[in-house]
Peer 1: 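This is the structure, below, for whatever I ask next.
Below, each value reflects all heavy atoms present in this structure, side chains not excepted, and no hydrogens, waters or symmetry copies. Lettering follows sequence order; numbering is per chain, from 1.
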Amino acid sequence: MSNAAALNRYLAGVEQRAFRMARYAVSDVDEAMDIVQDAMLTLARKYATKPEAEWPPLFFRILRNRITDFHRRRTVQRGIFAMFTPRDRDDANPIDLVSDGRAAEPEFRTQLDAAARRLDGALAALPTRQREAFLLRAWEGLDVAATAQAMRCSEGSVKTHYSRAVHTLRERLGDDWP
Amino acid sequence: MIGDDRRNDGDFVDEVRAVLDAQTLAPDLAERLAAARRRALTSVDVPSLRVPPSWVPAGALATTLLTVGLTVAIDNGGTPPLDDDAQIATVEDMDLLLDLEFVAWLDTDNVDAG
């Protein structure tokens with residue numbers, strides 16, 4: 001299989017999760033789209049010849065760098081308070097931002113949607129590092145070493161962030177979730 | 001799993017993953033992502049065939065002709081052409097020989113008689 005075909009398969013499998021991770025981080029659909037597109041482009045240009053096993057940590061490191069770049073630009077634009085996570089600076093309800101428009105259609109608010117919205121809100125409210133560690137480990141399925149590589153931190157830090165994220169999510173969602 | 005206090009972290013994470021996976025993107029967003037992926041893939045470097053530099057064929061031809069020429073010369077019983085140094089040495093040897101003959105002639109009685 002050529003690199004392009006293998007890369008297409010990898011990106012097709014990961015792009016929607018990457019987009020939603022980016023959207024949790026920046027709370028803006030178009031910005032998240034640009035970030036994911038840029039991350040895909042960079043992976044294709046620079047790392048397509050790398051072994052496939054190296055793509056996940058590389059891709060999410062690139063994605064994370066682009067998200068960091070976004071927040072740096074916002075910091076310049078908005079001042080020092082924009083450094084905090086979206087929940088601290090955004091008037092919009094993060095749950096509405098990640099519900100794909102279904103919040104406007106009450107008839108489709110099934111139990112699963114309600115659970116998803118609660119989860120989205122809890123995830124969006126997590127500190128950035130905790131959210132990154134949790135999503136990369138629990139959702140993307142990266143192991144501790146790959147997550148540490150993607151986040152540019154130690155494996156011990158990954159374990160700490162992940163553990164705190166699980167604890168915080170359980171606390172916020174409560175025992176009745178989902 | 002409502003109200004299950006015995007739920008451990010592993011079960012909780014499994015449920016989170018299931019809820020996340022159950023959410024789908026709006027079709028327009030999914031299509032925008034797919035289009036972005038297709039654009040990204042066009043930038044993947046395709047290994048190109050290596051074209052040899054333009055001087056390589058000319059060099060190969062010259063080497064071949066030289067090899068064939070030398071082989072034919074040797075096969076015909078001829079001696080390989082001398083290189084420049086050998087040719088210069090031969091000419092100098094000839095001059096020296098002529099000089100020696102001239103000196104010898106001077107020593108002969110023919111000179112005195114002249």
Peer 1: Between Tyr162(A) and chain B, with a heavy-atom cut-off of 4.5 Å, which part of the residue counts as in contact: side chain, backbone, both or neither?
Peer 2: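 Just its side chain gets close to chain B.
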
Peer 1: Val36(A), Leu169(A), Leu135(A): which one forms the most heavy-atom pairs within less than 4.5 Å of chain B?
Peer 2: Leu169(A)

Peer 1: Do side-chain atoms of Trp55(A) reach the backbone of Tyr47(A) as a donor and acceptor pair under 3.5 angstrom?
Peer 2: yes

Peer 1: For the candidates Ala34(B), Ala30(B), Ala18(B), which exhibits the highest count of non-hydrogen atom pairs separated by less than 4.5 Å from chain A?
Peer 2: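 Result: the option with the highest number of such pairs is Ala34(B).
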
Peer 1: Checking Leu43(A) against chain B: side chain, backbone, both or neither under 4.5 Å from a heavy atom?
Peer 2: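 Contact with chain B involves no heavy atom of Leu43(A) at all.
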
Peer 1: Using a 3.5 Å distance criterion without hydrogens, assess whether the side chain of Arg129(A) forms a donor-acceptor pair with backbone atoms of Ser157(A).
Peer 2: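 Answer holds: no.
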
Peer 1: Let me know if Asp21(B) has heavy atoms under 4.5 Å from chain A in its side chain, its backbone, both or neither.
Peer 2: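 For Asp21(B), heavy atoms of backbone and side chain both lie under 4.5 Å from chain A.
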
Peer 1: For Asp9(B), is there an ion pair with Arg170(A) - N to carboxylate O distance below 4.0 angstrom?
Peer 2: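 A salt bridge is present here (some side-chain N lies under 4.0 Å from a carboxylate O).
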
Peer 1: Pick from Lys46(A), His167(A), Met33(A): which one has the most heavy-atom pairs with chain B under 4.5 Å?
Peer 2: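 Option with the top pair count is Met33(A).
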
Peer 1: Side chain, backbone, both or neither: which part of Met40(A) has a heavy atom under 4.5 Å from chain B?
Peer 2: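 Both backbone and side chain of Met40(A) come within 4.5 Å of chain B.
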
Peer 1: Does this structure show an ion pair linking Arg117(A) with Asp120(A), if we count only N-O contacts that are shorter than 4.0 Å?
Peer 2: no

Peer 1: Side chain, backbone, both or neither: which part of Phe134(A) has a non-hydrogen atom closer than 4.5 Å to chain B?
Peer 2: side chain

Peer 1: Can you say whether Val166(A) sits under 4.5 Å from chain B via the side chain, the backbone, both, or neither, judging by heavy atoms?
Peer 2: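 Both the backbone and the side chain of Val166(A) come within 4.5 Å of chain B.
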
Peer 1: Checking Arg39(B) against chain A: side chain, backbone, both or neither under 4.5 Å from a heavy atom?
Peer 2: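 Interface part for Arg39(B): both.
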
Peer 1: Which bit of Leu11(A) is near chain B, if near means a heavy-atom gap under 4.5 Å: side chain, backbone, both or neither?
Peer 2: both

Peer 1: Does Glu155(A) pair with Arg137(A) as a salt bridge, N-O distance under 4.0 Å?
Peer 2: no

Peer 1: Enter the distance from Met151(A):CE to His161(A):NE2 here, rounded to the nearest 0.5 Å.
Peer 2: 5.0 Å

Peer 1: Within the distance-only criterion (no hydrogens, no angle test), does the side chain of Arg20(A) pair as donor or acceptor with the backbone N or O of Gln23(B) below 3.5 angstrom?
Peer 2: yes

Peer 1: Tell me which of these, Leu20(B), Val19(B), Val13(B), has more heavy-atom pairs under 4.5 Å with chain A than the rest.
Peer 2: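 Maximum pair count with chain A is reached by Leu20(B).
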
Peer 1: Does the pair Arg32(B)/Asp30(A) count as a salt bridge with the N-to-O cut at 4.0 Å?
Peer 2: yes

